[in-house]
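Notes follow the structure.
First listed ligand is number 1; within each ligand, the first listed atom is number 1. FYI, the numbering just counts along the sequence from 1.
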Amino acid sequence: MSRRIAAIVAHDDSVPPEVLSAHIPTDPGIEVVAVLERLVLTTDDIRRSDADALIVVCREHSADGLALAEWWHNVRPGRPVVVMSEGDDEIFVERVFAAGADDFIVISPSPDAADKTRADLEFAIRKAVARNYTGSERAPDSGTLLAVLGPKGGSGKTVTSTNLAVALASRGRRTALVDLDLHFGDVALALDLNPHLTSFDLAVSGGGIDAEKLDDFMLRHPSGLRVLSAPVKPDQAASVSPGLMLDVYSLLRREYDFVIVDTPPSFTPEVIATIDNASAVCMVVMLDALSLKNARLGLETLDLMGFPEDKVRILLSRAGTSVGISESDAVEIMGRKLDILVPSDRSVSRSLGDGVPLVVSQPKSEVARAYEALADLFSAPPEEGEAAAKPRRGWGRRRKQEGDQDATLAGAGQSKV
Ligand SMILES: Nc1ncnc2c1ncn2[C@@H]1O[C@H](COP(=O)(O)OP(=O)(O)OP(=O)(O)O)[C@@H](O)[C@H]1O
Ligand SMILES: [Mg+2]
C-alpha cells in the first residue's frame with residue numbers, strides 16, 4: 001500500500017467555499033493537514049509546511065498565487081505544488097509552470113464537474129509525489145552541507161567560512177565554498193581570488209548544469225578549495241534563484257566531502273532553501289545584544305523548520321571583547337552553550353585585506369586554532385594516506401603542517417556534528 005500524503009491547501013477568495021470544499025481531496029491516501037485562507041505564508045506556516053504537497057487555489061493571473069507556488073518549489077524542493085484556478089489563460093498557465101508548479105488544474109464551478117476535477121487533483125498530487133520522491137533521492141555518499149549563519153551583519157560569518165573551508169581543504173578533505181551573500185559577497189576577496197566567473201555567470205549560461213559544467217565556474221584556491229563566488233554586482237543577484245542553488249548543492253555534495261555555504265545576514269529564500277538541505281549549521285554570534293537576540297530568533301526559526309538542534313553549533317566571534325556583555329550572559333540569552341570561542345585579534349581584518357586566512361598565515365594564533373577546532377567538530381581525520389592520494393593539496397598542507405606541531409583545540413571536548 002502506498003504511503004499517506006500530507007497536503008496543505010492555500011486559497012484566495014476567488015472560489016466560493018462550496019466549490020472549494022468539493023475539491024478538497026477525499027482520497028484516503030491524501031490527508032489535508034491545513035487549509036489556509038491566504039496566499040502569503042507566515043513564518044509560523046513554515047512549521048506546517050512540513051507537508052508533502054501544496055495545493056494553491058487562486059484567481060487567474062494571481063501574482064500571490066504564482067509567488068507562493070515559486071516559494072514552495074524553491075524552499076520545499078522535491079515536494080510538489082499543484083495550482084488550481086477557474087481561468088486557464090495560456091499565458092497564466094505558462095507562468096504557473098515557470099514558477100515551478102508540478103501541475104495545473106482548472107476548477108469548474110459546475111457541481112457536475114467537481115468529482116472529475118477532484119480526481120484529477122488527487123492523481124496530479126500522487127503522480128508528482130511519486131516522481132519527486134524517486135528523482136530527489138540523495139546519493140548515499142553525499143558530503144556534509146554546512147550553512148554558516150549569523151543573522152546580524154558583520155558578525156564574522158565570512159571570516160568563519162573562509163578559515164573553516166581552507167582548514168578542511170588543507171587537511172586533504174575535498175571542500176567547496178559557496179558564497180550565498182548574493183548582493184555583497186566578499187569570499188573571493190577574502191581568499192584573494194579573481195571572481196572572473198560567479199554564480200551569476202552560471203545562472204545565465206543557459207541549458208542545464210552537470211558536475212563538469214559546474215566545475216568550470218568554480219574558482220581554484222591554492223589550498224585545493226573550490227569556490228563558487230557570489231555575483232560581482234548587486235543587480236545580478238536576482239538571476240541566482242534558490243532552485244539553481246539547490247541543483248548546485250546536489251551536484252557539489254556528490255563531488256565534495258564538505259560544502260560550506262557563507263550566507264547574508266538574513267533568512268532570504270536562498271538561505272531557507274540552504275538550511276532545508278543542510279546537514280549542519282554554524283551560527284556565528286558576537287558579544288552584542290542585537291547579534292545575540294537575532295541569533296536566538298535564528299535558532300527559533302531553525303527549530304520551527306524542524307532542523308535538529310544537535311546539528312547546530314554556536315561560534316562566538318571576537319570572544320573576550322569587553323563590551324558589557326559577558327560570555328555567560330550570552331549563554332543565558334541564547335539558551336545554548338557556546339561551542340567555539342574565537343578571540344578578537346586585529347590580524348583578522350589584515351588577513352581579509354591580504355586575502356590569506358589566518359589558518360594559513362598564522363596557524364599558531366589563537367584565532368587559527370579556534371577555526372581548526374571548528375573543523376574538528378565537523379570532520380573526522382582523513383583516512384591514512386587519503387591526503388596523499390588526492391592532488392591539489394601542496395600549498396595548504398605545507399602551511400598547515402607548520403602549525404600542527406602544537407595545535408590545541410579551542411573547542412576541546414566537543415562531540416562531532
Ligand atoms: N576574531 C575577530 N577578531 C577581530 N575582528 C574580527 C574577527 N572576526 C571578524 N572580525 C572583523 O569583523 C568584520 C566582519 O567580519 P565578516 O566579514 O566575517 O562578517 P560577516 O558576518 O561575514 O559580515 P556580513 O554580514 O556583512 O557579510 C571584519 O572586518 C573582520 O575583520
Ligand atoms: Mg560576509
Side-chain angles (χ1 to χ4, degrees), residues 146-167 177-193 195 198-199 225 227-234 237 240 245 260-268 270-271 274-275 281-299 313-323 325 327 330 338-375 410-411:
L146 171 69
V148 178
L149 306 180
K152 178 162 186 292
S155 52
K157 295 179 290 297
T158 301
V159 170
T160 298
S161 310
T162 48
N163 276 279
L164 172 63
V166 170
L177 174 55
V178 175
D179 192 346
L180 198 65
D181 191 345
L182 299 177
H183 288 90
F184 302 110
D186 46 9
V187 162
L189 196 67
L191 293 174
D192 194 25
L193 294 170
T198 70
S199 50
L225 176 70
V227 175
L228 183 62
S229 171
V232 287
K233 294 187 195 150
V240 184
M245 295 317 299
I260 313 291
V261 184
D262 187 23
T263 64
S266 54
F267 279 83
T268 59
E270 305 82 57
V271 172
T274 303
I275 294 168
V281 157
C282 176
M283 181 75 77
V284 180
V285 301
M286 288 187 303
L287 287 177
D288 157 305
L290 197 57
S291 165
L292 292 166
K293 187 197 99 217
N294 287 357
R296 164 126 209 180
L297 287 175
L299 290 180
R313 291 286 177 251
I314 314 286
L315 179 144
L316 177 65
S317 178
R318 276 169 275 183
T321 32
S322 169
V323 284
I325 296 180
E327 281 157 29
L338 308 172
D339 296 285
I340 296 283
L341 309 182
V342 181
S344 185
D345 185 336
R346 277 198 219 132
S347 315
V348 172
S349 96
R350 216 171 32 244
S351 76
L352 283 178
D354 295 345
V356 185
L358 283 189
V359 290
V360 173
S361 60
Q362 295 182 38
K364 293 182 183 174
S365 64
E366 288 296 316
V367 170
R369 289 178 187 187
Y371 284 122
E372 292 291 349
L374 181 65

Check your understanding: Is there a nitrogen or oxygen of G154 sitting under 3.5 Å from a nitrogen or oxygen of ligand 1?
Key -> yes
Practice item. Determine, stepwise, if the pair S229 / L193 fulfils side-chain contact (heavy atoms from CB on, under 4.5 Å). Key: CA-CA 9 Å; S229 171; L193 294 170; over 6 Å; no
Study note, to complete from the structure: Checking heavy atoms under 4.0 Å, the part of S317 that sits near ligand 1 is side chain
Review point. Heavy atoms only: which of T158, V284, V148, T162 is nearest to atom 17 (O) of ligand 1?
Key: T158
Practice item. Closest by any non-hydrogen atom to atom 1 (N) of ligand 1: pick that one out of G156, P343, G185. Key: P343
Revision key, fill the gap. Numbered in order shown, the ligand 1 atoms found under 4.0 Å of a heavy atom of G153 are 25 (O)
Exercise for review: Note the single closest protein heavy atom to atom 18 (O) of ligand 1, along with its residue, its atom name and the distance in Å.
Suggested key: V159 N, 2.9 Å
**Study point:** atom 20 (P) of ligand 1: the protein heavy-atom neighbour that sits closest, reported with distance to 0.1 Å
**Key:** K157 N, 3.4 Å
Review point. Does an N or O from S155, backbone or side chain, lie closer than 3.5 Å to an N or O of ligand 1?
Key: yes
Exercise for review: Ignoring hydrogens, just give me the one of K152, R318, M286, R346 whose non-hydrogen atom is nearest atom 10 (N) of ligand 1.
Suggested key: R318
Point to revise | Side-chain donor or acceptor of N294 paired with backbone N/O of G150 under 3.5 Å | key: no
Check your understanding: Do any of the N, O or S atoms of S161 sit under 2.8 Å from the Mg ion (ligand 2)?
Key -> no
Point to revise | Enumerated ligand 1 atoms positioned under 4.0 Å from heavy atoms of S344 | key: 3 (N), 4 (C)
Review point. Are any side-chain N or O atoms of D262 and backbone N or O atoms of D179, one a donor and one an acceptor, separated by less than 3.5 Å?
Key: no
**Study point:** S155 backbone acceptor or donor facing S317 side chain under 3.5 Å
**Key:** yes
Exercise for review: Do me a favour and list the nearest non-hydrogen protein atom to atom 29 (O) of ligand 1 with residue, atom name and distance?
Suggested key: L352 CD1, 4.1 Å
Practice item. Given side-chain contact (heavy atoms from CB on, under 4.5 Å), test V342 with T160 step by step and report yes or no. Key: CA-CA 9 Å; V342 181; T160 298; 5.7 Å; no
**Study point:** Closest heavy-atom pair and its distance - P234, F184
**Key:** CG-CE2, 4.1 Å
Exercise for review: Pick one of side chain, backbone, both or neither for how D262 approaches ligand 1, counting any non-hydrogen atom pair under 4.0 Å.
Suggested key: neither
Practice item. Just need the protein heavy atom nearest to atom 4 (C) of ligand 1, so name the residue and atom and give the distance. Key: D345 O, 3.2 Å
Exercise for review: Dump the intermediate steps for side-chain contact (heavy atoms from CB on, under 4.5 Å) on D288 and K152, then the final yes or no.
Suggested key: CA-CA 10 Å; D288 157 305; K152 178 162 186 292; 3.8 Å; yes
Check your understanding: Which of the atoms in ligand 1, numbered in the order shown and given with their element, are less than 4.0 Å from a heavy-atom of S349?
Key -> 31 (O)
Check your understanding: Hey, is ligand 1 close enough to D186 that some N/O pair sits below 3.5 Å?
Key -> no
Review point. Is a side-chain N or O of T162 found less than 3.5 angstrom from the main chain of A190, in a donor-acceptor match?
Key: no
Practice item. Test I340 against Y371 for side-chain contact (heavy atoms from CB on, under 4.5 Å), laying out the working first. Key: CA-CA 8 Å; I340 296 283; Y371 284 122; 5.9 Å; no
**Study point:** Whether R313 side chain and V281 backbone form a donor-acceptor pair below 3.5 Å
**Key:** no
Revision key, fill the gap. In this structure, atom 27 (O) of ligand 1 is nearest to the protein heavy atom D181 OD2, 3.6 Å
Exercise for review: Examine distances only and state if a side-chain atom of T268 and a backbone atom of V271 form a donor-acceptor pair shorter than 3.5 Å.
Suggested key: yes
Practice item. Without swapping roles, check the side chain of N163 against the backbone of V359 for a donor-acceptor pair under 3.5 Å. Key: yes
Review point. Can you list the atoms of ligand 1 that are under 4.0 Å from a heavy atom of P265?
Key: 25 (O)
Check your understanding: Taking heavy atoms and a distance under 4.0 Å, where does T160 meet ligand 1: side chain, backbone, both or neither?
Key -> neither
